[in-house]
Number of protein chains: 2
Amino acid sequence: MKDSGKKCTETGRYDCIKLENQLCFPLYVCSKEIVRRYKPFLDELELTYTQYIAMMALWEHETMNVRQLGECLYLDSGTLTPVLKTLEGKGYVQRKRCETDERSVIVAVTEAGMELREKAVTIPPRMGACVNITQEDAVELARILKKIIAGVTNGADA
Amino acid sequence: MKDSGKKCTETGRYDCIKLENQLCFPLYVCSKEIVRRYKPFLDELELTYTQYIAMMALWEHETMNVRQLGECLYLDSGTLTPVLKTLEGKGYVQRKRCETDERSVIVAVTEAGMELREKAVTIPPRMGACVNITQEDAVELARILKKIIAGVTNGADA
DNA sequence: ACAAGTTAAATTGTGTACAATTAAATTGCA
DNA sequence: TGCAATTTAATTGTACACAATTTAACTTGT
């Protein structure tokens with residue numbers, strides 16, 4: 001349906017670099033737009049999206065060092081250090097050097113951090129109501145994304 | 001294995017704010033990781049990802065004002081102005097005020113910008129070889145993402 | 001014609017992202 | 001043991017991304 005016969009939707013030498021033919025671009029846009037949709041809800045907790053996912057990881061694990069948190073969130077210390085300092089400033093986490101290995105910094109959720117969780121549980125259902133997607137599509141999307149992430153983050157070189 | 005009556009994959013009060021149950025999070029990670037994968041290829045052209053998608057839009061349209069480009073890329077002037085100034089500095093685009101409406105800034109691809117396109121066409125096929133995804137999944141993914149974007153960017157309030 | 005409202009881009013300020021480097025602590029091995 | 005490699009966070013520098021504000025130019029209603 002789309003090559004050298006020159007139909008209505010014809011194929012050109014530059015088709016592969018058209019925005020509409022990229023997969024990365026809707027991925028990039030979708031990610032940004034969803035995060036933007038979170039903003040009003042996250043504003044209630046005075047958290048940014050990055051702070052929110054960091055808290056999510058910490059609510060589950062209670063305590064992690066920066067490296068582990070980074071593996072969990074796919075972020076490095078260059079991003080996490082300022083985020084964690086901000087969260088510490090807000091009183092939601094505590095940072096301290098590991099006693100048995102002074103290189104590591106242990107991040108632990110505080111009492112106030114655990115209380116924040118109570119407010120946070122209201123966010124996913126409200127977000128869900130905002131995003132126009134069927135249950136089947138959500139499952140499909142999650143499956144495909146996880147497959148891509150697994151392939152891309154391993155040494156899956158060309 | 002960890003609370004009330006419950007099976008193996010049991011349901012807890014806080015399940016909805018676990019990282020693994022979010023759809024936004026793999027979307028965010030996938031987008032970032034794919035962009036990271038582009039970097040070695042984009043480095044050859046000395047373009048960032050944002051500069052690359054801006055050039056993609058401009059290669060197709062030759063000339064656009066900042067507002068149109070922003071609608072196309074889902075970016076505002078606060079992001080685009082510095083990106084376009086950088087691209088102008090590299091000699092790939094020219095920026096000038098519209099003569100009939102001095103509020104608008106017209107962005108036009110230069111000769112050098114069009115030549116860059118020749119190098120850029122090699123990127124998508126090489127990226128495709130890097131990303132571990134079947135043709136069917138790619139089609140599915142594109143379909144779902146476009147649906148979400150359409151729903152989220154319109155006033156699809158809860 | 002003109003004040004009021006609107007639109008367009010730029011600017012300002014905050015917060016990521018990430019590569020590259022640095023500094024300190026720990027490990028491994030000759 | 002002793003020191004070179006490695007690991008861990010933090011720092012530095014560049015580049016977005018976006019909300020909010022500003023400035024200038026245009027449009028509209030009267």
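Chain letters run A, B, ... following the sequence lines, proteins first and then strands; every chain starts at 1.
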*Side-chain donor or acceptor of B:K90 paired with backbone N/O of B:E46 under 3.5 Å*: yes
*Contact under 4.0 Å: A:K85 side-chain N or O vs D:dT11 OP1/OP2*: yes
*Identify whether any heavy atom of B:L80 sits under 4.0 Å from a base atom; if not, whether one sits that close to sugar-phosphate; answer base, sugar-phosphate or nothing.*
nothing
_Which atom of A:I17 lies closest to which atom of B:P124, heavy atoms considered_ = CG2-CG, 3.6 Å
*Rounded to the nearest angstrom, tell me the gap between atom CG in B:L69 and atom C1' in C:dA10.*
15 Å
*Rounded to whole angstrom units, what separation is found between the OH atom of B:Y38 and the C1' atom of C:dA19?*
20 Å
_Less than 4.0 angstrom between a side-chain N/O of B:Q51 and OP1 or OP2 of D:dC16, yes or no?_
yes
*Minimum-distance nucleotide (side-chain atoms of B:V66 versus C:dA9, D:dT8, C:dA25)*: C:dA9
*DNA chain C: A:Y49 or B:R95, which has the more 5' nearest nucleotide?*
B:R95
*Ignoring hydrogens and geometry, is there a side-chain-to-backbone donor-acceptor pair from B:E60 to B:A57 under 3.5 Å?*
no
*For B:V83 and for A:N65, locate the closest nucleotide of DNA chain D by heavy-atom distance; then report the residue assigned to the nucleotide nearer the 5' terminus.*
A:N65
_Need one value for B:S31: base, sugar-phosphate or nothing, where a base atom within 4.0 Å counts as base even if backbone is also close, heavy atoms only._
nothing
*When the distance from CD of B:E46 to C1' of D:dA15 is rounded to whole Å, what number comes out?*
15 Å
*Are the side chain of A:D76 and the backbone of A:T79 linked by a donor-acceptor contact shorter than 3.5 Å?*
yes
*Which residue lies toward the 5' end of DNA chain D, A:V105 or B:S77, if each is placed at its nearest nucleotide?*
A:V105
*Closest nucleotide of DNA chain C for B:T81 versus for B:R36: which of these residues is on the 5' side?*
B:T81
*When the distance from CD of A:E33 to C1' of D:dA17 is rounded to whole Å, what number comes out?*
11 Å
*Determine whether A:V139 and A:L27 fall in the same hydrophobic cluster, where Ile, Leu, Val, Met, Phe, Trp and Tyr are linked whenever their side-chain heavy atoms lie under 4.5 Å apart.*
no
*How many Å lie between CG on B:L84 and C1' on C:dA8, as a whole number?*
14 Å
_From CG of B:D43 over to P of C:dA19, roughly how many Å is that when rounded to an integer?_
10 Å
_From CZ of B:R67 over to P of D:dC26, roughly how many Å is that when rounded to an integer?_
15 Å
*For A:S104 and D:dA9, is the shortest distance between a side-chain N/O and OP1 or OP2 below 4.0 Å?*
yes
*Taking the side chain of A:T50 as heavy atoms from C-beta outward, which of D:dA25, C:dA17, C:dT11 is closest to it?*
C:dA17
*How long is the line joining CD1 of B:I34 and P of C:dA17, in whole Å?*
17 Å
*Short question: side chain of A:K96, backbone of A:A108 - any donor-acceptor pair under 3.5 Å?*
no
*Name the closest nucleotide to the B:D101 side chain, picking from C:dA9, D:dA25, C:dA17.*
D:dA25
*Return the nearest nucleotide to the side chain of B:R103; candidates are C:dA25, C:dT6, D:dC18.*
C:dT6
*asked:* Under 4.0 Å from OP1 or OP2 of C:dC18: is there any side-chain N or O of B:K32 that close?
replied: yes
*Hey, is the side chain of B:R97 poking within less than 4.0 Å of OP1 or OP2 on D:dC26, counting only N and O atoms?*
no
